[in-house]
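Just so you know, residue 1 is the first one in the sequence shown, and it goes up from there. All of these numbers come straight from a predicted model, not from anything done at the bench.
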Amino acid sequence: MIDPQDLTGASYSALLYALAGATVFLLLGVSWVERGWKLVVGLAAIAMLVGACQAYDSRAAWVAAKSVSVAYPYAGWIISMPVQVLTLFFLAGRGGKVSQALFWRLAVVSILMVLVRYLGDAKLMAPTLAFLIGVAFWLYILGELYFGQMDEAVATGGGDALRRGYFWLRIVATVGWAIYPLGSFIVSFTSAVDDGRLSLAYNLAEFVNLIAFGLAVLATAMASADNDRVAAR
């Protein structure tokens, strides 16, 4: 049972229900978009489905012990975050050509970004080194989003709807994802023990980083299709 005053436990429940509903909504949305957008929307739905499974396991651990091992969130992030990065890759590909080499670089770097942070938080690697490497990987991804092939493809070949959607999704990857290295910093460099407040902050952030991200992908896909139909007339 979750105590009515247990905000962390309640946040896990709210996040789980929200992610489950949003995942179903996006899976339905796959049938609403043009063929070229189905993979993009489907990947966003997969990221939210993984987040829902993570929230389910974490809630069970919190209810049982009022504590959640770092293994729980990272087990979800090591799948959901690379999937989101690849969602952005394929979304940018709707505007113009992006290379296969970039696909593999983003896949490998996004996985290593999460893995290194986990090793630092779990004290399996020097926390300072893990933090710095994790931040470097994150900055590399942001560099590709702002200055690389994806930005060029969207700027030169995408319509207004695609550019607008890419702008907001990039903001999520910049501002929203900042909570993860911040959390690693708190865990690794202070004596703070997660009494539920850090988990609560992560859960609230996931409403933006997963749910708002996925809904923005679907909105971009539908708006881009409408723009294409108008331009074809």
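In this structure, the side chains of Met113 and Tyr140 stay at 4.5 Å or more apart for every pair of heavy atoms. With a 4.5 Å cut-off on side-chain heavy atoms, Trp37 and Met222 do not count as touching. Contact check for Leu106 versus Met150: side-chain heavy atoms found under the 4.5 Å cut-off.
Residues forming a ring-ring contact (aromatic ring centres under 6.0 Å, His included) with Phe185 (at least two apart in sequence, or on another chain): Phe131, Phe189. Residues passing the ring-ring contact (aromatic ring centres under 6.0 Å, His included) test with Phe167: none are found, sequence neighbours excluded. Judged as a ring-ring contact (aromatic ring centres under 6.0 Å, His included), and not counting sequence neighbours, the contacts of Phe89 are Phe103. Every residue meeting the salt bridge (Lys or Arg N to Asp or Glu O under 4.0 Å) condition with Asp151, not counting sequence neighbours, appears here in chain and number order: Arg170. For Thr128, there are no side-chain hydrogen bond (donor to acceptor under 3.5 Å, both in side chains) partners two or more places apart in sequence or in a different chain. Judged as a side chain to side chain contact (heavy atoms under 4.5 Å, CB included), and not counting sequence neighbours, the contacts of Val116 are Met125, Ala130, Ile133, Phe137. Shown here are the side chain to side chain contact (heavy atoms under 4.5 Å, CB included) partners of Ser110, two or more places apart in sequence or in another chain: Pro82, Val85, Ile141.
Applying the side chain to side chain donor-acceptor pair (under 3.5 Å) test to pairs two or more places apart or on separate chains, those with a residue in residues 75-86 are Trp77-Glu206. Under the salt bridge (charged side-chain N to carboxylate O under 4.0 Å, His left out) criterion, the residue pairs touching residues 123-149 are Arg105-Glu144, with sequence neighbours excluded. Note on residues 209-223: pairs passing side chain to side chain donor-acceptor pair (under 3.5 Å), not counting sequence neighbours, are Tyr180-Asn209.
Ser69 places no side-chain N or O within donor-acceptor distance of the main-chain N or O of Tyr72, the cut-off being under 3.5 Å. Formation of a donor-acceptor pair under 3.5 Å by the Ser11 side chain with backbone atoms of Thr8 is found in this model.
Clustering of Ile, Leu, Val, Met, Phe, Trp and Tyr side chains at separations under 4.5 Å places Tyr56 together with Leu16, Tyr17.
Test Leu169, Leu145, Leu142 against Thr174 for side-chain contact (heavy atoms from CB on, under 4.5 Å) and you get one pass: Leu142. Across Val33, Leu218, Thr87, Val30, a single residue satisfies side-chain contact (heavy atoms from CB on, under 4.5 Å) together with Val40, and that is Thr87.
Note: Ile78 CD1 to Leu115 CG = 5.0 Å, rounded to the nearest 0.5 Å. For the atom pair Leu215 CG and Trp168 CH2, the distance stands at 15.0 Å (nearest 0.5 Å). If you take CD on Glu34 and CZ on Arg94, they are separated by 8.5 Å, rounding to the nearest 0.5 Å. If you take OH on Tyr74 and CE on Met81, they are separated by 9.5 Å, rounding to the nearest 0.5 Å.
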Practice item. I would like to know whether Tyr118 and Leu124 meet side chain to side chain contact (heavy atoms under 4.5 Å, CB included); could you show each step before the answer? Key: CA-CA 8 Å; Tyr118 167 72; Leu124 298 173; 4.2 Å; yes
Point to revise | Verdict with reasoning, Val208 to Phe213, per side chain to side chain contact (heavy atoms under 4.5 Å, CB included) | key: CA-CA 6 Å; Val208 174; Phe213 183 96; over 6 Å; no
Donor-acceptor list for residues 18-29 side chains, cut-off 3.5 Å, not counting sequence neighbours:
| residue | atom | partner | partner atom | Å |
| --- | --- | --- | --- | --- |
| Thr23 | OG1 | Leu19 | O | 2.6 |
| Thr23 | OG1 | Leu49 | N | 3.4 |

